[in-house]
Amino acid sequence: MIDQRMLPGREVYRVYKDYRGVAGAIRSMVIRGAPAIGVAAAMGVALGLKGTSGRRAQARFAVVARTLKAARPTAVNLAWAVDRMGRVLERNLALDARALFAALRDEALAIYEEDLAANRALGQFGAALIDDDPAQILTHCNAGALATAGYGTALGIVRAARDSGKRVSVIADETRPFLQGARLTAWELKKDRIPVTLIADNMAGMVLARGGVSCVIVGTDRVAANGDVANKIGTYPLAVMARRHGVPLYVAAPLSSIDFNCPSGADIPIEERDASELAEIAGRRIAPPGVRIFNPAFDVTPAELVTAIVTERGVARPPYDKSLAELRRRSV
Ligand code: MRU
């Protein structure tokens, strides 16, 4: 894994050989972004079950699955990937340890490949929604190659639009407090030679009011069955401002991010992270000692503020309970 905590300063790669290491990497944000942590967790399950088979593998899976799922609770891709690995185990209880590991490894690699393909497909659907040329796209957090198996969801749409010949530029929110926008989105877009302008989160209202933003595109950690969208903290106020200024808000979401068992946003668990992320910048304390801190990592944007949800099977429009269910049924 590329250690995302070190970017953009240093490109450091880390290798994990056991599931605890993978869980720790997910928890500490060495790797982050819903689809990327799903892929990592799948690989973690394969590592965690290595050398086991049959009943022993089942017992081990219970522990490994609990540990990995607890690493980060909001992104449904993580639980989705772990459960999918669990089903492979159940289908292969008769295999010896070697063959079981091969089956689990292959499934984890399939999840990786499928995510890459999903991003490319949703990128095409999303690019077709961008009418302006040149187009200016506002995004929040990092829903790019770093957050996925590659290519990106929100940034996948940007890449697909660029590759289709459109002149696209991006305005990136810095994304307090972890600075995924300033550190990661700006880094990967610069590397890809896509023009990017960085703003602080609290500048988005002014930028939208000024005009010239074609659309807002964000990723998601979990979409509820009714279309409510959990994403990086700060997405909800951005959605309110986008609506206020008549700018469409598109959510890029592979089907692995849609939780049909979750009726609405109120049912999505919201992760709270350590106070130090808010109290410190780059390890230096900025808030007075002892001050009470609230650090939710995600917020929920109600479906009514979402113009469309772009998946690898097509574009869902309101009412989302119907359109998302229809996309789920549609064969690939
Ligand atoms: O806390 P993070 O950095 O993992 O949050 C990531 C986001 O909120 C992304 O927008 C989301 O996971 C989609 S990534 C394609």
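These numbers come from a predicted model, not from an experiment. When a ligand or atom number is given, it counts from 1 through the structure's own listing order.
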For ligand 1, note which part of T148 has a heavy atom under 4.0 Å away: side chain, backbone, both or neither.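 Near ligand 1, T148 shows its side chain, while the N, CA, C and O stay back.
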
Side chain, backbone, both or neither: the part of C141 lying under 4.0 Å from ligand 1 by heavy atom: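 The side chain, only.
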
[atom]: which protein heavy atom is closest, and how many Å away?
atom                    : answer
atom 12 (O) of ligand 1 : A34 N, 2.8 Å
atom 4 (O) of ligand 1  : R72 NH1, 2.7 Å
atom 9 (C) of ligand 1  : N231 OD1, 3.4 Å
atom 7 (C) of ligand 1  : D221 OD1, 3.2 Å

As an exercise, identify every atom of ligand 1 less than 4.0 angstrom from a heavy atom of [X].
X    : value
Q180 : 1 (O), 2 (P), 3 (O)
A143 : 14 (S), 15 (C)
A147 : 14 (S), 15 (C)

Best match, E271, K232, R32, R222: closest heavy atom to atom 1 (O) of ligand 1: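 Answer by nearest heavy atom: K232.
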
Between [Y] and [X], is there a salt bridge with N-O shorter than 4.0 Å?
X    : Y    : result
R14  : D3   : yes
K69  : D83  : yes
R329 : E326 : yes
D221 : R72  : no

Tell me the closest heavy-atom pair linking I31 and Q4, and the distance in Å.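 In terms of heavy atoms, the two residues are closest at CA-NE2, 4.1 Å.
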
Under 3.5 Å: donor-acceptor pair, side chain of S169, backbone of Q136: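 Here the side-chain-to-backbone pair does not exist.
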
Set of side chain to side chain contact (heavy atoms under 4.5 Å, CB included) partners for P302, sequence neighbours left out: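 Per chain and number, P302 pairs via side chain to side chain contact (heavy atoms under 4.5 Å, CB included) with D228, Y236, E304, L305.
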
Is it the case that the side chains of T148 and N119 hold a donor-acceptor pair, with the cut-off being a distance below 3.5 Å and no angle test?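 Per modelled atom types, N119 and T148 side chains form a pair under 3.5 Å.
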
Counting only heavy atoms not in R98, do more than 12 sit closer than 6.0 Å to its CZ atom?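 Open: at most 12 neighbouring heavy atoms sit under 6.0 Å from CZ of R98.
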
Polar-atom distance check: T153 versus ligand 1, any N or O pair below 3.5 Å?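 Between T153 and ligand 1, no N or O pair is found under 3.5 Å apart.
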
Using distance alone, decide if ligand 1 has a nitrogen or oxygen within less than 3.5 Å of any nitrogen or oxygen in M29.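 No, there is no polar N/O contact under 3.5 Å.
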
Should [X] be listed as contacting ligand 1, given a heavy-atom distance under 4.0 Å as the test?
X    : value
P35  : yes
F178 : no
H140 : no

Is there a salt bridge (charged side-chain N to carboxylate O under 4.0 Å, His left out) between R162 and D192 once you walk through the steps? CA-CA 11 Å; R162 192 264 315 257; D192 222 7; 3.7 Å; yes

